[in-house]
Amino acid sequence: MNGNEMKRLAVKECLKSTSKEYRHFDHKISENEKKKLLGNGKKSFCNPNFVKRYRQLPFIKFDMVFNKFGRNDKHEGQLTPKARHISLASHHESLLLKYYSVMLGYCYERSIEENGIAEVPLAYRRGFDNIHGAKSVFDFLWQTGNSWIIKGDFHAFFDCLDHRILMKQVKRVLYGDERCKMSDDWYAVIKSITKYRSVSKGQLVQTPGINTHGTSYVSNLKEFGKLIKKGKLRLSSVNEKGIPQGTAISAILANVYMIGFDEWVNKLVQRYGGIYKRYSDDFVVVIPQKTCDIARVKQLKDSIIHRSNDQLKLTINPRKTKLLEYSKENGHVYDLGSRKVKNFDYLGFEFTGRAVYLRAKTIYKFHYRGKKAVYMIARNIKERDIVRQGKEKAYLKKRSDPRQIKLTADRLKITKEDEKLGHGVRYRKKGTQMYLIFEPISKRNMMAYAIRSQLVMSQPIEQVVDMYDVDIESKVKKEISRFQIEFGEIRRKLKNKIP
C-alpha cells in the first residue's frame, strides 16, 4: 500500500468517526469543518506543510478513578480505588492525531507482518481482542501439555516510554530504517504527543475568566492567549518522558515502541517451541517442558526482565512476574515457588488446567456494580411514586442526617422535573439492560460478553479430540438471577416504607 492510498483510507476512516462531546479550549468540530480539514486545501491535515506549522493546544489532564479488586496489607479481596491519568486533546488535534494514527497503523501492520510477529501483539488492533488472545494461549497449553508459563507486566507503561527510543521505532515502522530523517509533518505530530504541555482540569474550574458552562472553556483562542499572558492560566512544564493516555494515537505508538522487543522475545521463545503474546503492558510466555528445564526457564525470565530495562528503559517488576507450571496429567496449574495450585489468570479469564472461567475479579466487580445498580433502580422507581403522590415532605421527614436530606431533596427535585417532561425513571433502562435481563444487548452488557466468550472459548482445537471445559455464560446468568430476586425484595421493602 503506497502513501496516497494510506492517506485516502485514513481520510475515509476519520470521516466515519463521530466527534466526541467534551469541553476544551476549542469548540467541537462540525461535519463541514471536518471535511475541510480532511480535504485537499492548504489548511488541511492532508497538507504536510500545514501540519508542521500547526499550533498545538495544551492537553487537559484529569484522573479517572475506578475501583480495582485486589489484595494488599489492609484489604483482602476488596475493591480499592485506583486512578488512571487521562489527557484530553483539543477537538482539532484529536482529529489530526486520529488521521496520523490510522496511517501509522497501516505501516505498523506491514512491519510486524514482515518481521513475523503479526500474532504477538493483541491490543489495539482490528481482528484481535482479549477473548481470542486468551483462547490462543489456553489452546496452546492444552495442545502442548506440560508447560512453563511466564507472566508479567511493564510498570507505568505509558508514563515511562523513552522519547528517543520511540522516535527510532516510529522511523523504523514508517521508513524501514531508524536512521532515516523523519519528515517535518510526522516530526511535528510525534513531538506534539511527547513534548506537550498540559493544564489540570481542577485548575480550570478555579481560574477566573474560564467558562465552565459552555461548549468551550474560552470563547476564542485570543482569549486563551490572554489568560496565559496574564498568568491566570498556568501551563505545566514541557513533558520529558512518556506519552499521554487517551489520545487517538497513544495506543498505536505504544505498540510501535514495543516492536523491537516483541521481535527479540518471540525469536527467543520460538527456539524452545513456545509462544509469546503481549496485550498492551501485559505479556505471557508459554514454553513446553520437554524443550526447557526449570533452570533454563528461570534464566529466560531474567533475560526478558533485563532486556526490557536495557532496550526499552521499562521496568518489569520481578516480584510481580509469575512463573507457573502447567501439568496436564494432574489437570492443575502450580505456582513454581510455593508449589500451590493456582489458576492461570489471563486477559479476564482463568484457566484451571481443566476448565476456563471468567476471572473471579470480573465476576466480583459485576456483582458489586449490579447490586448497587439494582438498589438505585428500585429507589428511583419508589421516588417517582413519592412525587406522583405528592408525599415529598413526609418522605424527607423520615431522614435525620442533614446531608442525606439534601441529597434526597435534590433527587426528588430532578424526579419532579423528569415527571413534568414525561421522561422515564432515571437509570431504569440502562440498569435493566446491564443487570436484570438475560438478553444480550450488542456489546453493551455483560450477558453479551459472556455469550460471546462462551462461544469463542468453546470452539474446538484443530486435530485435538478432547477439549477443556468452558463455563462462562452460566456464571453470569446466575448473578443476573440473584439481581432479579434482590430487585424484587428491595421493591417490596421500599414500597412498604412509602409514607
Side-chain angles (χ1 to χ4, degrees), residues 66-71 75-81 131 343 345 348-350 352 355-389 391-392 394-396 398-399 401 404 407-408 410-412 414-415 418-419 423-458 469-499:
F66 59 98
N67 289 322
K68 184 175 181 181
F69 180 85
R71 293 178 173 84
H75 300 279
E76 179 67 23
Q78 294 183 7
L79 286 168
T80 53
I131 302 173
N343 291 348
D345 176 349
F349 300 94
E350 290 185 353
T352 67
V356 170
Y357 302 99
L358 268 180
R359 188 174 61 165
K361 292 180 183 179
T362 305
I363 292 293
Y364 182 87
K365 282 193 289 187
F366 183 60
H367 173 80
Y368 176 85
R369 291 170 181 168
K371 193 171 183 179
K372 186 177 179 181
V374 161
Y375 175 79
M376 280 179 60
I377 299 168
R379 183 201 65 193
N380 291 352
I381 292 172
K382 180 195 75 170
E383 290 181 352
R384 173 60 67 91
D385 293 338
I386 294 289
V387 166
R388 284 176 174 173
Q389 295 170 27
K391 296 182 178 180
E392 296 98 307
Y395 183 58
L396 289 171
K398 296 278 185 179
R399 282 152 177 73
D401 183 2
Q404 286 297 322
L407 288 172
T408 306
D410 289 343
R411 283 201 313 270
L412 290 172
I414 293 170
T415 303
D418 287 346
E419 175 72 3
H423 295 165
V425 174
R426 291 199 173 213
Y427 197 68
R428 184 175 189 172
K429 182 178 179 180
K430 182 181 177 182
T432 300
Q433 289 178 343
M434 292 291 292
Y435 303 106
L436 289 172
I437 61 172
F438 296 112
E439 181 185 353
I441 308 294
S442 183
K443 295 181 180 180
R444 288 160 48 196
N445 66 357
M446 180 63 86
M447 196 68 247
Y449 180 73
I451 291 172
R452 189 165 73 254
S453 300
Q454 180 78 33
L455 184 65
V456 171
M457 290 289 179
S458 300
D469 295 327
V470 180
D471 188 9
I472 296 172
E473 189 177 339
S474 67
K475 300 279 186 182
V476 175
K477 283 183 175 179
K478 188 176 181 180
E479 287 298 322
I480 293 173
S481 294
R482 288 176 177 170
F483 294 150
Q484 290 175 342
I485 294 168
E486 191 164 350
F487 178 68
E489 290 176 351
I490 293 171
R491 285 279 285 146
R492 283 192 293 273
K493 288 178 183 178
L494 292 176
K495 192 173 183 180
N496 293 333
K497 289 183 180 180
I498 294 177

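With salt bridges taken as basic N to acidic carboxylate O contacts below 4.0 Å, none links K475 and E479.
Proximity of R359 to K365: side-chain heavy atoms (C-beta onward) are separated by under 4.5 Å at one or more points. Looking at Y449 and F366, their side chains never come closer than 4.5 Å, going by heavy atoms from C-beta outward. Side-chain contact between I414 and R411 is absent, with no heavy-atom pair separated by less than 4.5 Å. Side-chain contact check for I472 versus F349: some heavy-atom pair is nearer than 4.5 Å. Contact of the V356 side chain with the D469 side chain is not registered, since no non-hydrogen atoms from C-beta on lie closer than 4.5 Å. I480 places a side-chain heavy atom less than 4.5 Å from the side chain of F438. Considering only heavy atoms from C-beta on, I381 comes within 4.5 Å of R491 through its side chain. In this structure, the side chains of L396 and L412 come closer than 4.5 Å at one or more pairs of heavy atoms.
The minimum heavy-atom distance linking V476 with A450 is given by the pair CG2-CB, 3.6 Å. Between S453 and I131, the shortest heavy-atom distance links the atoms OG-CD1, 3.4 Å. Between Y395 and T408, the shortest heavy-atom contact is CE2-CG2, 3.5 Å. Closest of all the heavy-atom pairs between A378 and I490 is CB-CG2, 3.5 Å. Here the closest non-hydrogen pair linking I441 and A448 is N-CB, 4.0 Å.
A search for side chain to side chain contact (heavy atoms under 4.5 Å, CB included) contacts involving S458 returns Q454, V470, not counting sequence neighbours. Legend: residues meeting side chain to side chain contact (heavy atoms under 4.5 Å, CB included) with T415, ordered by chain and number and at least two apart, are R384, V387.
The NZ atom of K361 sits 9.0 Å away from atom CD of E350, with the distance rounded to the nearest 0.5 Å. To the nearest 0.5 Å, the span separating CE on M376 from CZ on R369 amounts to 13.5 Å. To the nearest 0.5 Å, the span separating CD1 on I363 from CG on L358 amounts to 4.5 Å. Atoms CG and NZ, from D385 and K391 in turn, are 10.0 Å apart once rounded to the nearest 0.5 Å. Remark: R388 CZ to I386 CD1 distance equals 12.0 Å, nearest 0.5 Å.
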Donor-acceptor contacts, no H, no angles, side chain residues 425-436, under 3.5 Å, sequence neighbours left out:
| from | atom 1 | to | atom 2 | distance (Å) |
| --- | --- | --- | --- | --- |
| R426 | NE | D418 | OD2 | 2.6 |
| R426 | NH2 | D418 | OD1 | 3.4 |
| T432 | OG1 | R428 | O | 2.6 |
| Q433 | OE1 | R444 | NH2 | 2.8 |

Q | Trace of the side-chain contact (heavy atoms from CB on, under 4.5 Å) decision for Q484 with V374 | A | CA-CA 8 Å; Q484 290 175 342; V374 161; over 6 Å; no
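Taking the six-membered ring for Trp and thresholds of 30 and 60 degrees, Y364 and Y368 have nearly parallel ring planes, at less than 30 degrees apart.
Proximity of a side-chain donor or acceptor of N445 to a complementary backbone N or O of E439 within less than 3.5 Å is detected.
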